[in-house]
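Notes follow once the structure below has been shown.
Counting starts at 1 for both ligands and their atoms, following the listed order. Along the sequence shown, residues are numbered consecutively beginning with 1.
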Amino acid sequence: MLLQFPTEPIPIQEIPIHRNVKLFIKREDLIHPQISGNKYWKLFYNVNRYLENNPEKPYIITFGGAFSNHIAAVSAVGNLAGIPTLGIIRGEELQHKWRDNPTLLFAKRNGMNLKFVTREEYRHKEKLTEFLQQEFPEALVVPEGGTNEEAVEGVKMMLNEQTKDFDYLCTAVGTGGTIAGISKFCEDNQKVIGCNVVDDASLENKIFELTLKHNFDLIDSCFGGYGKISDENIRFINDFKEKYDIPLEPIYTGKMMQRVFELIEEEYFPEDSRILCFHTGGLQGIEGANLLLEKQNRNLII
Ligand SMILES: *Cc1c(COP(=O)(O)O)cnc(C)c1O
């Protein structure tokens, strides 16, 4: 089995906020140095089952943007397993600039082949997938962000005896696989809060199709749009690191945590609620974000 169960339980830490609710964070970011957070669990069954079938010419193909945590994770899996990987990357213009992008550089160093496609081509991923599956019939083709049924099943491992002890389970939401898994496998008395960082009207339906439960709410946490970084959020992330010694990144976990703090201030959660936020990782993205911020002469993430 390439991806293993953790040898020690993932720590849950209290974030002392001195309000009438209790806030905790589960450090899924610590699960693996290269295959970060929720991406580890989303790839867990996809990759393990694929390799158990002993494909003659193993090959993993997937999709992502220039700073994608999923691309970074799949490239690391390929490196670990010693099998070739192909990343279909959104943005033709990156063809000659990938060396300036820490995520793509990391993927390349892990041996991933990168194929850059136009935004238009990327939008029609289904066609690309069909084409690739014909060309490489044995390949494992993982969808963007890694979200599929196996991914949802893997997310179950983020829940355990300890997580049953909370009234609210919060996660950042991109493609929806992670929240779907939490919603599907949590206890009946638990409520799931999804801080969506992508403005996508179809998200709720997509999630419902994967969980078939109505125990989750999506709360807009886009803060200006997917991938947009505000100075306020940078301040929040840097304060959080200083106060609690926990790093957050500006695309998912930083936005989730800022939104949860706002919700607590707005008294969204009933008194004495116990709230658990999942740190879904993605810290590899900080370096790339800082390069952009530096170019714009803005404050950096510490
Ligand atoms: C991909 C990612 C998410 C979103 O997960 P989905 O299953 O796509 O909703 C959240 N946090 C981090 C750090 C991620 O990399």
Side-chain angles (χ1 to χ4, degrees), residues 10 25-32 34-46 62-77 90 103 106-107 125 142-159 169-185 192-200 202-211 216-223 226-227 229 233 237 240 246-260 277-289 301:
I10 305 288
I25 189 165
K26 184 159 185 271
R27 298 291 306 275
E28 227 67 54
D29 58 308
L30 299 174
I31 182 131
H32 191 279
Q34 269 110 39
I35 310 165
S36 146
N38 63 342
K39 300 301 185 281
Y40 187 93
W41 295 121
K42 291 177 78 173
L43 289 168
F44 190 86
Y45 288 118
N46 277 296
T62 197
F63 303 85
F67 298 97
S68 165
N69 296 323
H70 172 68
I71 286 288
V74 170
S75 76
V77 163
R90 179 179 59 228
T103 302
F106 174 80
K125 282 185 287 301
V142 185
E144 178 183 46
T147 288
N148 56 17
E149 297 278 349
E150 285 73 24
V152 170
E153 210 182 323
V155 169
K156 185 178 183 186
M157 250 94 70
M158 290 168 53
L159 303 171
L169 303 173
C170 306
T171 184
V173 178
T175 59
T178 305
I179 188 174
I182 295 171
S183 153
K184 185 168 179 178
F185 298 109
V192 184
I193 304 289
C195 296
N196 60 299
V197 301
V198 181
D199 185 15
D200 175 358
S202 67
L203 203 48
E204 186 153 352
N205 261 331
K206 277 187 206 156
I207 296 167
F208 181 71
E209 279 171 17
L210 289 167
T211 163
F216 69 94
D217 274 324
L218 287 180
I219 294 186
D220 181 350
S221 311
C222 293
F223 293 106
Y226 179 68
I229 307 172
N233 194 234
I237 288 170
F240 194 87
I246 298 172
L248 302 171
E249 46 67 48
I251 311 300
Y252 295 100
T253 54
K255 286 183 175 181
M256 166 194 67
M257 204 43 95
Q258 185 178 340
R259 197 73 183 92
V260 167
C277 293
F278 289 93
H279 193 317
T280 42
L283 299 172
Q284 68 86 27
I286 292 176
E287 197 185 340
I301 298 158

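The shortest non-hydrogen separation linking Met256 to Cys170 is SD-O, 3.9 Å.
Put simply, the side chain of Leu218 reaches to within 4.5 Å of the side chain of Ile207, judged on heavy atoms. Under the 4.5 Å side-chain criterion, counting only non-hydrogen atoms from C-beta, Lys206 is not in contact with Thr175. Here the side chains of Phe278 and Ile179 are not in contact, with every heavy-atom distance at 4.5 Å or above. For the pair Tyr45 and Met157, the minimum side-chain heavy-atom distance is below 4.5 Å.
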Extract all N/O-N/O pairs under 3.5 Å that connect ligand 1 to the protein, and present each with both atom names and the distance rounded to 0.1 Å.
unit_1, atom_1, unit_2, atom_2, d
ligand 1, 5 (O), Asn38, ND2, 3.0
ligand 1, 5 (O), Thr178, OG1, 3.4
ligand 1, 7 (O), Lys42, NZ, 2.6
ligand 1, 7 (O), Gly177, N, 3.2
ligand 1, 7 (O), Thr178, N, 2.9
ligand 1, 7 (O), Thr178, OG1, 2.7
ligand 1, 8 (O), Lys42, NZ, 3.2
ligand 1, 8 (O), Thr175, N, 2.8
ligand 1, 8 (O), Thr175, OG1, 2.6
ligand 1, 9 (O), Gly174, N, 2.7
ligand 1, 9 (O), Thr175, N, 3.2
ligand 1, 9 (O), Gly176, N, 2.8
ligand 1, 11 (N), Thr280, OG1, 2.6
ligand 1, 15 (O), Lys39, NZ, 2.8
ligand 1, 15 (O), Asn69, ND2, 2.7

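Annotation: salt bridge (charged side-chain N to carboxylate O under 4.0 Å, His left out) contacts of Asp199 (sequence neighbours excluded): none.
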